Each structure stands twice: as C-alpha cells, then as structure tokens.
Amino acid sequence: MSETRKYWLVSLLLVATACNAEAASESRSDRTGSSTTGQAEITPEGLGQRFLEMIKNTNDFKELTRDYIQDAIGKRFTPDADGKSGFYTLRLPSGEWQYSVTYNFDRAFTSNSIVSLKLIKSAKTADERSPPCELDLQSYRASIESSGFKPEPITYSEIGWIAALRYTRNNMLVQIVPHHLPSARDRPARDCVKSLSIQKFGE
C-alpha cells in the first residue's frame, strides 16, 4: 500500500495547480464543444455519475487512456509535460472545495497506475468538519456492487467508521473512501463519497 499512497500524493500535487490552470483554460473547448471548466454545465453529481459510469463500463484497466477518460468525463484535462498524468477540476460555488479527477499512468509499473475522483479543499478557510456531501455513499456502493464487482474485506478506522471499501473485477481494483457528515439542525446525518478510484489489480 505504500506505493499506492505515493501515487495518491502525485495526484494531489497535480490538482494543487488546478485553480491557476482553470483560469488559463477557460477559452478552450472539449471535443463536444462545451467549456473546459463548464461550472454551469456540469454538477458534482453529474461529474460523479460520469466517473462511476466510466468504471462500470470498463472491462480491462488497459482501456483507461487519457482520451478514454476525457471522453467519459466529457471535459478536457490538463496534462503534465510527458502526458503520464493529468487532471480536471470542478470548483464548488463556495470556492472552498473542489472535485478533482486525476489520472497517473506508470508505464514501468502498471500496478501503480491510478485514476481517481477526489473531494479536496481549495481554500484554507474550508471547514473540514462539514465538507460538501454531493455524492451519496449508499448509491455508489449499490451501483458498483450491481455491476459485477466483488466486495473485498472492509477497512475500518480506529473508532469503527468505514475507512475504505474495495471491489475487484477482472484486473481492476475500485476503492471508495467515505466521509461521515454528522447531523445538524437543518440536515440529517449522511455518509458520502470523499474519493473514488480505480487502479490495476492482480496481473
């Protein structure tokens, strides 16, 4: 798992530059003709569903290329210099949080390759005690489990919360990292998706 953590760090470094790249890329269009940032054209729920459908429709990890991911998400990604990694970021209206889709392909060690959707802070003022809950955990679990993915043993935190849910199918490992949103005066408690990823498994 240490290698996986390393590539999570690579993904976080990629999305750290997203805010500046977002402004520079507004004038470009993706292959469907829509805005590359397109905040009014895609919601967090829409982005999550596109990512989820991409996972469900992929039968072999080798299918996941830059073009394949861009077509599935419907947005142009910002690549790094060598094309191995890239990202697309959707900032939430508050400006304090963002959903970032990143890919990182390691040609030498394909088991380290990963494609992920992750909720991250985009401002120091973001309240980590009450993050956005745009992606419902139970819906995502049910959708993945109904698509032929085999549930693996659940990882729990020290206090008994679910730390990670893992699923396998063919040569793919899907992982959901949830977060729990406590109840408040104006809302019930909810379990949400903090990150969703797919990486090479087995071979």
Side-chain angles (χ1 to χ4, degrees), residues 1-16 44-45 47-64 69 72 85 87 97-106 109-122 126-184 187-203:
M1 293 301 294
S2 60
E3 289 296 325
T4 300
R5 293 194 189 98
K6 181 178 74 174
Y7 280 87
W8 272 110
L9 290 174
V10 171
S11 296
L12 289 175
L13 287 173
L14 281 169
V15 300
E45 294 92 338
L47 180 63
Q49 283 300 314
R50 292 181 188 185
F51 193 90
L52 181 62
E53 288 301 314
M54 179 187 73
I55 289 175
K56 292 164 58 177
N57 293 329
T58 301
N59 294 310
D60 189 306
F61 189 85
K62 289 186 288 186
E63 297 174 16
L64 292 171
I69 296 166
S85 303
F87 65 85
W97 294 90
Q98 61 192 41
Y99 283 95
S100 293
V101 181
T102 63
Y103 62 83
N104 187 76
F105 296 125
D106 188 325
F109 301 97
T110 55
S111 61
N112 294 330
S113 298
I114 187 169
V115 185
S116 66
L117 167 65
K118 188 175 180 67
L119 174 67
I120 61 174
K121 293 196 305 181
S122 53
D127 185 359
E128 293 187 18
R129 297 169 300 177
S130 185
C133 185
E134 307 287 349
L135 313 180
D136 180 70
L137 176 63
Q138 297 307 320
S139 296
Y140 277 67
R141 289 183 68 176
S143 185
I144 290 173
E145 290 173 8
S146 67
S147 300
F149 283 89
K150 174 187 173 184
E152 299 294 333
I154 297 173
T155 302
Y156 292 93
S157 68
E158 294 180 356
I159 61 174
W161 293 111
I162 295 177
L165 296 159
R166 296 183 178 87
Y167 303 88
T168 54
R169 189 179 74 184
N170 299 336
N171 64 347
M172 301 174 293
L173 170 66
V174 171
Q175 177 174 272
I176 301 175
V177 174
H179 69 87
H180 179 74
L181 189 65
S183 61
R187 67 164 190 267
R190 291 185 64 193
D191 290 308
C192 321
V193 175
K194 181 178 182 180
S195 70
L196 174 62
S197 64
I198 179 170
Q199 60 191 104
K200 185 74 174 293
F201 172 75
E203 303 172 6

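Position 1 is the first residue of the sequence, and the numbers go up from there. Just so it is clear, the structure is predicted and the values come from calculations on it, not from any experiment.
- In this structure, Phe105 and Phe61 have perpendicular ring planes: the angle between them is above 60°, well past the 30° mark.
- The structure places CD1 of Ile55 at 8.0 Å from CD1 of Ile176, a figure rounded to the nearest 0.5 Å.
- Tyr140 has its side chain within reach of Gln49: a pair of non-hydrogen atoms, C-beta onward, lies under 4.5 Å apart.
- Rounding to the nearest 0.5 angstrom, the gap separating the CG atom in Asp127 from the CZ atom in Arg129 is 4.5 Å.
- In this structure, Phe87 and Val101 have side chains that are not in contact, with every pair of non-hydrogen atoms separated by 4.5 Å or more.
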Going through the distances and angles, do Met172 and Leu64 end up as a side chain to side chain contact (heavy atoms under 4.5 Å, CB included)? CA-CA 11 Å; Met172 301 174 293; Leu64 292 171; 5.7 Å; no
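- For the pair Leu137 and Pro178, the tightest heavy-atom approach, listed with the atom from each and the gap, is CD2-CB, 3.8 Å.
- Nearest heavy-atom pair, Leu119 versus Pro131, reported as atom, atom and distance to 0.1 Å: CD2-CB, 4.2 Å.
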Report task. Might you work through the side chain to side chain contact (heavy atoms under 4.5 Å, CB included) test for Ile162 and Tyr156, ending with a clear yes or no? Result -> CA-CA 4 Å; Ile162 295 177; Tyr156 292 93; 3.8 Å; yes
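- Taking CD1 of Ile198 as the start and OG of Ser116 as the end, the distance is 11.0 Å to the nearest 0.5 Å.
- Under a 4.0 Å N-O distance rule, the pair Glu53/Lys56 qualifies as a salt bridge.
- The two residues Lys200 and Asn171 have their closest heavy-atom pair at CE-ND2, 3.4 Å.
- Judged purely by atom type and a 3.5 angstrom limit, Ser147 uses its side chain to pair as donor or acceptor with the backbone of Ser143.
- Closest heavy-atom contact between Arg166 and Thr155: NH1-OG1, 2.7 Å.
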task = Would you sort out whether Asp60 and Asn170 count as a side chain to side chain contact (heavy atoms under 4.5 Å, CB included), showing the intermediate values?
result = CA-CA 7 Å; Asp60 189 306; Asn170 299 336; over 6 Å; no
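- The nearest pair of heavy atoms linking Tyr103 to Ile69 is CB-CD1, 3.8 Å.
- Proximity of Lys118 to Tyr99: side-chain heavy atoms (C-beta onward) are nowhere separated by under 4.5 Å.
- Under the 4.5 Å side-chain criterion, counting only non-hydrogen atoms from C-beta, Cys192 is not in contact with Leu135.
- Considering CG of Asp191 and OG of Ser139, their distance stands at 11.5 Å, rounded to 0.5 Å.
- Once rounded to the nearest 0.5 Å, the distance linking CG of Leu173 with OH of Tyr167 reads 11.5 Å.
- Screening Val177, Val115, Leu165, Val174 for a side-chain contact (heavy atoms from CB on, under 4.5 Å) involving Leu196 leaves a single residue, Val174.
- Judged by distance alone, the side chain of His179 and the main-chain N or O of Cys133 form no donor-acceptor pair under 3.5 Å.
- Minimum interatomic distance between Ile154 and Arg141 (heavy atoms only, all atoms of both residues): CD1-NH2, 4.2 Å.
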